[in-house]
2 protein chains.
Amino acid sequence: MSLLHQLKSVSIFSSLSERELYEIESYLIGKKYLNGEMVFSSYETARGVFILTEGKVKLYKAFKGKEQTLRIFTPISMLGEAGAFKGEHYPANAIAIENSYLFFLETGNLIKIIERYPKISLKMLGILSERLYHLVNLVENLTLKDAVSRVYEYIKQKTDEKKEVLFKTTLVAMELGLTVETVSRAISTLKKSGKIEKIGKIIKVNR
Amino acid sequence: MSLLHQLKSVSIFSSLSERELYEIESYLIGKKYLNGEMVFSSYETARGVFILTEGKVKLYKAFKGKEQTLRIFTPISMLGEAGAFKGEHYPANAIAIENSYLFFLETGNLIKIIERYPKISLKMLGILSERLYHLVNLVENLTLKDAVSRVYEYIKQKTDEKKEVLFKTTLVAMELGLTVETVSRAISTLKKSGKIEKIGKIIKVNR
DNA sequence: CGAAGACTTGAAATAGATCAAGCGTTGTGG
DNA sequence: CCACAACGCTTGATCTATTTCAAGTCTTCG
């Protein structure tokens, strides 16, 4: 897929013409990140946003050897927006958890774009709002729901469109803020109660 | 304090002239909320934002009889922005925890204002980003830090400007997502270790 | 003044984490 | 292409921080 085409799927740019996208493209700097490589950290000054076009990036907080995943990003997504619009530092850390490719867009240029194409600002407000919904949902899950129902809801949601889904315990544990062991136990509980079926790594919900 | 004056302290309006504020004022509908009265709930469709000019409002999530506070708002603050820019429903519930006064501003009018005064959109992006920082911080506190250090950090932060601060166990427990008992125990631990002093309801940090 | 609400302290319960060990899967380099 | 090392998954046993339950004291204010 061409970069131009990819830009179109970044929601804030979706309303722009090819000509306009072409201009934005000129601001972007692409870089490959290997699995395990840091994209940005909360210690560093936020200089702009990233656009993930390939791979997977984990956004997380770390403190005293423990860590909490906030979100796993997959293509095509924008990262680091909050840092760009407020504050010195990014609010969290981002690390590639697969070999990935990201473009960087400087805050100054982003603001230039927003000012030039006012429609974009509403889109941007929409993105930030979506981030807030996601985080509020995370807090709800972390503090109000037990492990088994969280895993169950996760699976239900993932199998909403597709019938069956590839299930990686480690990844799900990360996304839900649980340990691998807890997720594994939750799965066997759900299997026993007949709510799900799992053959190999393929999982499906019984409705 | 006049409404016009109050509007000026809502950061998104701070750059507007009196004439412009006067126009915005005409969109606002004020209403008194008694202690315990619901301002909005996550079940209801988001029709606009609120501006708190008096009292205290708690933003929280509830599930199966349990609840988790996301934030306590004090004047002058805006509430419900995320709902206005995305999604059918507000992401959480808001309830007055003191007798309060709020103005309501319809989404349509807010967007009109943003489109008319483009500078406002950057301010708005800043507000949403600040909300994200706050929530990320909440997640960090809830999942990575223990009760005693959370209470300690809370007190340190609150006593940053003032030397001494009025401490209400119940309110702090809400804000930190802990039980009253846990906060009370944390306080006595901190007192014993000499890190803080508390006489009556007045608390201070030993530095 | 008295009663409702706020705070403290102790004892018990609990959900999930941590530690530990064994098994399964996979992919790489010899 | 096979072997085996590294990694992922499962299951059991213990541990621990915080919640819950309970009961008593202190505060405040109508």
Side-chain angles (χ1 to χ4, degrees), chain A residues 35-36 56 58 62-69 97-99 138-155 165-192 196-203, chain B residues 34-36 56 58 62-69 72 97-99 138-155 165-192 196-203:
Chain A
N35 185 359
K56 264 196 188 102
K58 176 175 77 177
F63 183 74
K64 281 198 185 166
K66 293 167 80 181
E67 66 172 68
Q68 171 65 50
T69 302
I97 55 168
E98 280 179 13
N99 294 336
L138 179 66
V139 171
E140 180 180 13
N141 284 335
L142 289 170
T143 58
L144 303 177
K145 295 183 180 170
D146 68 27
V148 174
S149 34
R150 269 156 75 192
V151 172
Y152 183 56
E153 274 179 38
Y154 178 93
I155 297 167
V165 133
L166 190 103
F167 190 93
K168 293 197 179 180
T169 313
T170 311
L171 201 65
V172 176
M174 257 187 215
E175 281 202 65
L176 296 180
L178 298 169
T179 58
V180 191
E181 293 95 324
T182 303
V183 174
S184 179
R185 282 184 248 268
I187 291 293
S188 66
T189 306
L190 290 168
K191 272 200 294 199
K192 269 176 209 148
I196 63 166
E197 271 170 61
K198 190 178 172 213
I199 299 135
K201 291 190 164 311
I202 302 300
I203 212 159
Chain B
L34 295 177
N35 185 359
K56 263 193 188 107
K58 177 176 76 176
F63 184 73
K64 282 196 184 167
K66 294 167 80 182
E67 66 172 68
Q68 170 64 50
T69 302
I72 309 265
I97 56 168
E98 280 180 13
N99 294 337
L138 179 65
V139 171
E140 179 179 13
N141 285 334
L142 288 170
T143 60
L144 304 177
K145 296 183 179 168
D146 69 26
V148 174
S149 33
R150 270 155 76 192
V151 171
Y152 183 55
E153 273 179 39
Y154 178 94
I155 297 168
V165 134
L166 190 102
F167 190 92
K168 292 198 178 180
T169 314
T170 312
L171 201 65
V172 176
M174 259 188 215
E175 282 202 64
L176 297 181
L178 297 169
T179 58
V180 190
E181 293 95 323
T182 303
V183 173
S184 179
R185 283 184 247 268
I187 290 294
S188 65
T189 306
L190 289 168
K191 272 199 295 195
K192 269 175 209 148
I196 62 166
E197 271 171 61
K198 190 179 171 213
I199 299 134
K201 292 194 163 306
I202 301 300
I203 212 160

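Lettering of chains follows the sequences in order, A, B, ..., and the numbering in each one begins at 1. Predicted model, so just to flag it, every value in this text is computed and none were measured.
Among all heavy-atom pairs drawn from A:Val139 and A:Thr143, the shortest one is O-OG1, 2.8 Å.
B:Thr69 contributes a side-chain N or O that, together with a main-chain N or O of B:Met174, makes up a donor-acceptor pair within less than 3.5 Å.
In this structure, the CG atom of A:Leu142 is 10 Å from the P atom of C:dA17, given to the nearest Å. Rounding to whole angstrom units, CG of residue A:Asn141 and C1' of C:dA15 are separated by 16 Å. Atom CZ in A:Phe167 sits about 17 Å away from atom P in C:dT25, given to the nearest Å. C:dA17 atom C1' lies 13 Å from atom CD of A:Gln68, rounded to whole Å. With rounding to whole Å, A:Leu190 atom CG is found 16 Å from D:dC9 atom P. Nucleotide C:dG5 holds its C1' atom 11 Å from the NZ atom of B:Lys168, rounded to whole Å. A:Met174 has its CE atom 15 Å from the P atom of C:dA17, to the nearest Å. When the P atom of C:dA6 is taken as reference, atom CG of B:Leu166 falls 14 Å away, rounded to whole Å.
Using a 4.5 Å heavy-atom cutoff, the side chains of B:Thr189 and B:Tyr152 are not in contact. With a 4.5 Å cut-off on side-chain heavy atoms, A:Val151 and A:Leu176 count as touching. In this structure, A:Glu140 and B:Gln68 have side chains that are not in contact, with every pair of non-hydrogen atoms separated by 4.5 Å or more. Counting heavy atoms from C-beta outward, B:Val165 and B:Tyr154 have side chains that stay 4.5 Å or more apart. Contact annotation: the side chain of A:Ile155 never approaches that of A:Val172 to less than 4.5 Å [non-hydrogen atoms, C-beta and beyond]. Within the 4.5 Å cutoff, no side-chain heavy atoms of A:Leu142 are placed close to those of B:Leu142.
Toward the 5′ end of DNA chain C lies the nearest nucleotide of B:Thr170, the other residue of the pair A:Lys201 and B:Thr170 mapping further downstream.
Comparing the end axes of the helix from C:dC1-D:dG30 to C:dG30-D:dC1, each fitted to five base pairs by superposing C1' atoms of four pairs onto the next four, gives an inter-axis angle of 40° (nearest 10 degrees).
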Output one letter per nucleotide in nucleotides 12-21 of chain D: B when a protein non-hydrogen atom lies under 4.0 Å from the base, S when only the sugar-phosphate is that close, - when neither is. BB----SBBB
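Note on B:Thr169: every side-chain N or O is 4.0 Å or more away from OP1 and OP2 of C:dA6.
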Output, in order, the C-alpha distance, side-chain angles, deciding distance and verdict of side-chain contact (heavy atoms from CB on, under 4.5 Å) for A:Ile203 and A:Ile187. CA-CA 10 Å; A:Ile203 212 159; A:Ile187 291 293; 3.8 Å; yes
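Within the 4.0 angstrom heavy-atom criterion, only backbone atoms of the sugar-phosphate kind lie near B:Lys198; the bases stay farther away.
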